[in-house]
**Student:** 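Dumping the structure here so I can ask a few things about it.
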Amino acid sequence: MSYKLIETNLDEVTGVASIVLNRPEQRNALSSELMTELSEAIEHFEGLPVVGCIVISGKGGKAFAGGADIKEMAGRTYSQNYKDNFITANWERVAQCRKPTIAAVSGYALGGGCELAMMCDIIVAGENAKFGQPEINLALLPGAGGTQRLTRFIGKSTAMDMCLTGRMLTAAEALSLGLVSRVVPTDELMDLALDMAKTIASKSRMTAMMVKEAVNTAYETSLSQGVLFERRAFHSVFATGDAKEGMTAFTENRPPRWDNK
Ligand code: HXC
């Protein structure tokens with residue numbers, strides 16, 4: 001598939017797919033055209049059996065994404081927003097991806113950029129990363145889940161601080177708050193992200209998808225319902241060939257061979 005505003009790559013040997021947001025001169029601002037391409041790429045990779053993990057990053061190193069495209073948004077009206085269900089359609093496609101996703105954040109992840117990163121399953125960051133929800137400076141508010149995901153991920157006080165003052169978190173702060181899982185020197189970021197993706201893609205695809213679903217359920221339900229969901233998933237994983245293979249391979253002291261087709 002060919003795209004204008006993103007670059008994609010698939011390593012069929014490792015099962016790692018990557019998507020690079022490619023508007024560096026506009027700090028990878030997330031125009032609707034870019035988001036349409038991104039959602040199409042996610043759809044495409046999700047449907048390919050060979051893909052085990054998807055990495056999303058931003059071209060140029062200065063920004064993962066500077067947010068929704070403000071210049072494009074400036075002309076929108078309430079009626080258009082309502083009729084188009086503005087922001088929901090293409091954006092939520094990333095959060096709904098059933099395969100594991102990693103956001104590799106170098107530079108700014110602001111507004112919709114921060115929200116896009118939070119729709120991924122794991123965020124890893126270069127030391128130069130900055131996370132923020134500065135919509136308040138435009139008299140806007142986050143519109144792609146920022147007020148909700150940020151609050152669940154880092155707590156009310158810091159989320160309020162970021163959304164009300166517009167202040168950015170450094171990579172180190174984001175790490176200490178649990179927003180990101182790892183921070184590395186910026187020039188090592190893509191190696192780290194691709195390596196993590198390779199590790200994830202080397203696991204049983206089906207079980208990895210079940211793990212993702214189970215962890216995400218923690219954000220959607222009560223603890224008792226979440227634990228019940230996990231128990232049911234745990235019971236059902238025994239019906240898969242991969243779980244049998246994993247336990248058999250362990251007892252036979254050999255590497256497992258997953259049914260990753
Ligand atoms: C449109 C953007 C943009 C954006 C940067 N640019 N961010 N264009 N939408 N979100 C453009 C600039 O206009 C400029 O274009 C070029 O990219 C380079 O930007 P600079 O400001 O010169 O770069 P730099 O000094 O490196 O600063 C980078 C930056 C800053 C910190 C990211 O550009 C910035 O503050 N951008 C806006 C951040 C923001 O408010 N994000 C929230 C958007 S609202 P020209 O043509 O002049 O060279 C949002 C709502 C989400 O995301 C709602 C749901 C999705």
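Here the structure is a predicted model, which means the values were calculated and not measured. Below, each value reflects all heavy atoms present in this structure, side chains not excepted, and no hydrogens, waters or symmetry copies. Both ligands and their constituent atoms are indexed starting at 1 by order of listing.
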**Student:** What do you reckon, does I70 have a nitrogen or oxygen under 3.5 Å from a nitrogen or oxygen of ligand 1?
**Tutor:** yes
**Student:** Please confirm whether the backbone N or O of K59 pairs with a side-chain atom of N28, one donor and one acceptor, at under 3.5 Å?
**Tutor:** yes
**Student:** What are the two closest heavy atoms between A171 and A125, and how far apart are they?
**Tutor:** CB-CB, 4.5 Å
**Student:** Between CG of N22 and CG of L38, what distance do you get to the nearest 0.5 Å?
**Tutor:** 12.5 Å
**Student:** Does A144 reach ligand 1 with a nitrogen or oxygen that is under 3.5 Å from one of the ligand's nitrogen or oxygen atoms?
**Tutor:** no
**Student:** Nearest to atom 50 (C) of ligand 1 by heavy atom, E135, E72, Q133: which?
**Tutor:** E135
**Student:** Can you tell me which residue and heavy atom of the protein come closest to atom 53 (C) of ligand 1, and the distance to 0.1 Å?
**Tutor:** G143 N, 3.5 Å
**Student:** Tell me whether M206 at atom CE has more than 12 heavy atoms from other residues, nucleotides or ligands lying less than 6.0 Å away.
**Tutor:** no
**Student:** Under a 4.0 Å threshold between the charged nitrogen and the carboxylate oxygen, would K4 count as salt-bridged to E33?
**Tutor:** yes
**Student:** Is there a polar contact, in the sense of an N or O pair closer than 3.5 Å, between E115 and ligand 1?
**Tutor:** no
**Student:** Are E37 and R93 close enough for a salt bridge, meaning some N to O gap below 4.0 Å?
**Tutor:** no
**Student:** Answer yes when R76 and D84 have at least one side-chain N-carboxylate O distance shorter than 4.0 Å, and no when they do not.
**Tutor:** yes
**Student:** Atom 14 (C) of ligand 1: which protein heavy atom is closest, and how many Å away?
**Tutor:** K71 NZ, 4.0 Å
**Student:** Nearest protein heavy atom to atom 35 (O) of ligand 1, by residue and atom, and its distance?
**Tutor:** L110 CD1, 4.3 Å
**Student:** Under a 4.0 Å N-O cut-off, is there an ion pair linking D69 with R23?
**Tutor:** yes
**Student:** Side-chain contact, heavy-atom cut-off 4.5 Å: Y108 with F131?
**Tutor:** no
**Student:** What protein heavy atom sits nearest atom 55 (C) of ligand 1, and how far away is it?
**Tutor:** I87 CG1, 3.2 Å
**Student:** Considering the heavy atoms of G111, write down every atom of ligand 1 situated less than 4.0 Å from one of them.
**Tutor:** 42 (C), 52 (O)
**Student:** Specify the protein heavy atom at minimum distance from atom 19 (O) of ligand 1: its residue, its atom name, and the distance to 0.1 Å.
**Tutor:** R27 CG, 3.9 Å
**Student:** What I want to know is whether G66 and ligand 1 share at least one N or O pair that is separated by under 3.5 angstrom.
**Tutor:** yes
**Student:** How close does the nearest protein non-hydrogen atom get to atom 10 (N) of ligand 1, and which residue and atom is it?
**Tutor:** A68 O, 2.9 Å
**Student:** Which atoms from ligand 1 have a heavy atom of M73 less than 4.0 Å away?
**Tutor:** 44 (S)
**Student:** Please write down residue, atom name and distance for the protein heavy atom closest to atom 2 (C) of ligand 1.
**Tutor:** Q26 O, 3.8 Å
**Student:** For P134, state whether at least one heavy atom is located under 4.0 Å from any atom of ligand 1.
**Tutor:** yes
**Student:** Kindly say whether the aromatic ring centers of F234 and F238 come within a distance under 6.0 Å.
**Tutor:** yes
**Student:** Is E25 in contact with ligand 1, taking contact as a heavy-atom separation below 4.0 Å?
**Tutor:** yes
**Student:** In the protein, what heavy atom is nearest to atom 27 (O) of ligand 1, and what distance, to one decimal place, separates them?
**Tutor:** Y108 CE1, 4.2 Å
**Student:** So, is M168 polar-close to ligand 1, with some N/O to N/O distance under 3.5 Å?
**Tutor:** no
**Student:** For atom NZ of K99, decide whether the heavy atoms of other residues, nucleotides or ligands shown that lie under 6.0 angstrom number more than 12.
**Tutor:** yes
**Student:** Any protein heavy-atom neighbour for atom 40 (O) of ligand 1 (distance below 4.0 angstrom)?
**Tutor:** yes
**Student:** Counting only nitrogen or oxygen atoms and a 3.5 angstrom limit, does K62 reach ligand 1?
**Tutor:** no
**Student:** Applying the side chain to side chain contact (heavy atoms under 4.5 Å, CB included) criterion to V124, which one of V105, L189, V184, V180 satisfies it?
**Tutor:** L189
**Student:** Under 4.0 Å from atom 44 (S) of ligand 1, can you find at least one protein heavy atom?
**Tutor:** yes
**Student:** Whether E173 and R167 form a salt bridge (side-chain N of Lys/Arg under 4.0 Å from carboxylate O of Asp/Glu) is what I want to check.
**Tutor:** yes
